[in-house]
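Quick notes on the structure that follows.
Remember, it's 1-based here, ligands and their atoms both numbered in the order they're listed.
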Amino acid sequence: MEMKLPEKVKRIIKTIEDAGYEAYAVGGCVRDSILGREPDDWDITTSASPHQVKALFRRTVDTGIRHGTVTVMVDREGFEVTTYRIDGEYEDGRHPKEVVFTKELEEDLRRRDFTVNAMAYNDRRGLVDVFGGMEDIGKRLIRCVGSPQERFGEDALRLMRAVRFSAQLGYAIEGKTAAAMKSLAGNLGKISAERIRTELVKLLVSPHPDYLRICYETGITAVVLPEFDRCMETAQNNPHHCYTVGEHILHSLRYVREDKVLRLAMLLHDIGKPETKTTDGEGTDHFHGHGPAGERMAERILRRLKFDNDTIDTVGKLVKYHDYDVEPAPRCVRRAIHKTGEDIFPLLFDVKRADIMAQGTYLRAEKEEKLERVKAVYGDIVKAGDCVSLKTLAVSGKDLMEAGMKPGKEMGEMLQKLLEAVLEEPGKNTKEELLKLYEYFLPSFHKIG
Ligand code: ATP
Ligand code: MG
């Protein structure tokens with residue numbers, strides 16, 4: 001079997017081989033090349049020690065020298081070159097607690113998580129596949145290298161990696177591997193939030209985000225996202241819905257594009273439903289206020305998983321407003337843009353569409369049509385450049401000061417009132433008009449003051 005290695009990777013392998021050692025492309029890049037996917041990065045594994053590798057190249061970086069990894073720089077591009085090793089227990093995923101270097105490629109492949117990730121390749125020897133990676137690619141299976149119980153016992157993050165690769169590749173998880181996952185899911189409690197976050201995001205932005213279902217079935221979410229388990233257990237007896245809250249969430253994930261923020265928003269959009277559920281006299285379920293309640297929960301969850309503030313903030317707002325109903329009239333849409341935020345509002349179209357698609361068919365066409373009308377109105381507003389925030393209001397605090405107003409709370413309220421007038425009638429957004437309005441509003445302000 002022949003594989004096309006990038007020139008730079010060939011050069012690194014040749015340099016190491018010319019010095020009398022072995023070197024191979026290994027892991028994800030081999031898997032992806034076989035599958036005709038563009039590898040993210042090219043990892044190289046070698047029999048040479050880190051010091052021997054460093055001696056062979058002009059520019060190297062000690063990325064993880066204790067664990068055998070040296071980054072070799074070719075032009076401006078870095079390639080991780082790692083010495084064949086046998087791992088002990090893992091502490092953070094990339095770095096096992098103790099490593100033993102070895103002279104055998106096979107030993108290095110044995111420490112890797114799944115058969116599809118445990119293949120190596122170079123032009124001299126071709127594909128090295130000692131654990132049946134090609135066979136499992138043929139069967140479309142994620143299978144542990146060796147004993148699944150042992151492998152998951154060494155590093156519980158591998159449970160989430162199994163689901164993640166399954167979702168990325170559309171593969172099933174082999175029976176014994178899946179059984180071991182069920183029995184060891186509790187160990188995920190020992191894994192750091194950062195490592196869990198990384199795998200969760202990769203799963204969510206994959207072609208099969210709904211494979212999160214496997215995380216529920218194996219007990220992974222019970223540990224890392226118990227709020228989702230509550231959703232899986234919450235029925236929705238309501239004409240709009242044909243699924244439990246959890247199943248609806250899983251479906252909604254598929255209807256939004258592969259974007260981190262949008263997929264997180266769908267994951268969490270109804271997370272507030274279990275705790276806001278009420279059932280009326282007719283037996284119909286309601287979830288009043290689940291948006292704002294969900295925002296608070298989403299923020300807590302994302303903080304716990306160590307997401308950055310920007311992501312927490314954006315996802316929180318999308319959760320809060322996902323169910324916010326907007327009429328397709330220009331003044332209503334301008335108000336909605338102002339209320340939700342100029343950056344958030346356009347994202348709500350994606351969120352709302354996915355939400356609708358994952359609901360029952362009752363009124364679906366009407367809901368979609370209304371959303372399209374709001375979208376058209378939004379397009380007109382953007383095209384016209386209508387003012388929807390203080391940023392583009394034709395008067396500023398400075399203008400009001402020049403007109404005689406003192407800075408402070410009243411001035412803030414005045415600007416807000418002027419903005420509201422402009423949201424009603426964008427034509428009023430001129431300095432002249434707004435200063436007239438200012439004079440008109442002023443007496444009522446003095447009464448308050
Ligand atoms: P991608 O980079 O597309 O996310 P990948 O397969 O390259 O996928 P990485 O996390 O970059 O995954 O790891 C590179 C290789 O290192 C894997 O293919 C696997 O062989 C090995 N590996 C990584 N993490 C682990 C782990 N926790 N346990 C065992 N082997 C691992
Ligand atoms: Mg990789």
Side-chain angles (χ1 to χ4, degrees), residues 6 9 24-46 63-64 67-69 71 77-100 102 105-121 127-134 136-137 142-171 177 180-181 184 187-188 190-192 194-208 220 258 260:
V9 173
Y24 296 84
V26 73
C29 62
V30 175
R31 175 200 69 220
D32 288 343
S33 302
I34 291 168
L35 294 172
R37 294 155 48 109
E38 182 72 34
D40 284 338
D41 40 33
W42 290 83
D43 294 328
I44 292 159
T45 187
T46 179
T63 330
H67 302 98
T69 304
T71 299
E77 211 178 333
F79 295 87
E80 290 198 350
V81 179
T82 305
T83 303
Y84 295 164
R85 63 180 209 214
I86 302 165
D87 294 348
E89 264 182 60
Y90 273 65
E91 52 193 357
D92 69 0
R94 294 170 63 87
H95 302 139
K97 270 185 214 149
E98 14 168 78
V99 308
V100 179
T102 164
L105 171 64
E106 187 175 325
E107 303 274 13
D108 182 87
L109 297 177
R110 191 188 303 283
R111 72 168 170 96
R112 294 174 184 271
D113 44 13
F114 306 110
T115 58
V116 295
N117 287 346
M119 292 181 280
Y121 175 90
L127 187 71
V128 182
D129 172 20
V130 273
F131 299 105
M134 280 305 275
D136 285 335
I137 285 180
I142 301 298
R143 179 201 309 270
C144 281
V145 173
S147 150
Q149 287 284 339
E150 273 172 38
R151 307 321 309 282
F152 290 129
E154 289 158 0
D155 179 13
L157 188 73
R158 290 174 186 156
L159 277 88
M160 287 194 73
R161 287 174 62 84
V163 182
R164 184 259 278 196
F165 287 116
S166 147
Q168 284 179 330
L169 303 172
Y171 287 12
T177 299
M181 288 168 70
L184 290 167
N187 289 3
L188 269 163
K190 295 187 289 191
I191 301 298
S192 77
E194 289 84 351
R195 294 183 71 203
I196 288 170
R197 181 195 64 213
T198 304
E199 292 302 327
L200 179 65
V201 168
K202 286 186 175 178
L203 162 60
L204 288 176
V205 302
S206 74
H208 300 285
I220 292 174
E258 294 181 14
K260 181 179 83 169

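At a 3.5 angstrom cut-off on N or O pairs, Asp155 counts as close to ligand 1. Polar contact check, Cys29 against ligand 1: no nitrogen or oxygen pair lies under 3.5 Å apart. Residue Arg112 has at least one nitrogen or oxygen atom sitting less than 3.5 Å from a nitrogen or oxygen atom of ligand 1, judged on distance alone.
For Arg110 and Glu106, the salt-bridge test passes: some basic side-chain N is under 4.0 Å from an acidic carboxylate O.
Leu109 and Val145 make their closest contact through O-CG1, 4.3 Å (heavy atoms, listed as atom of the first residue, atom of the second, distance).
The residue Glu154 has no part lying near ligand 1, judged by heavy-atom distances below 4.0 Å. Contacts of Gln168 with ligand 1, taken as heavy-atom pairs under 4.0 Å, are absent altogether. Of all the heavy atoms of Phe165, the ones lying under 4.0 Å from any atom of ligand 1 belong exclusively to the side chain. Contact annotation: for Asp113 versus ligand 1, heavy atoms closer than 4.0 Å belong to both the backbone and the side chain. The proximity of Asn117 to ligand 1, defined as any non-hydrogen pair under 4.0 Å, involves the side chain as well as the backbone.
Listed for the Asp136 side chain is no donor-acceptor partner under 3.5 Å among the backbone atoms of Thr115. Under a 3.5 Å cut-off, the side chain of Thr177 and the backbone N or O of Cys144 do form a donor-acceptor pair. Checking side-chain atoms of Thr63 against main-chain N and O of Thr71 turns up a donor-acceptor pair under 3.5 Å. Arg37 contributes no side-chain N or O that, together with a main-chain N or O of Cys29, makes up a donor-acceptor pair within less than 3.5 Å. Counting only distance, with no hydrogens or angles, the side chain of Arg151 and the backbone of Arg112 share a donor-acceptor pair below 3.5 Å.
Heavy-atom proximity to Arg164, at under 4.0 Å, picks out these atoms of ligand 1: 1 (P), 4 (O), 8 (O). Every atom of ligand 1 is numbered from 1 in the order shown, and the set under 4.0 Å from a heavy atom of Gly27 is 18 (O). Of all the atoms in ligand 1, the ones that sit under 4.0 Å from a non-hydrogen atom of Asp40 are 3 (O).
Between Phe114 and Phe165, the ring planes are perpendicular. Angles over 60° get that label, and only those under 30° would be called parallel.
Closest to atom 28 (N) of ligand 1 by heavy atom, among Arg161, Glu80, Arg195, Arg158, is Arg158.
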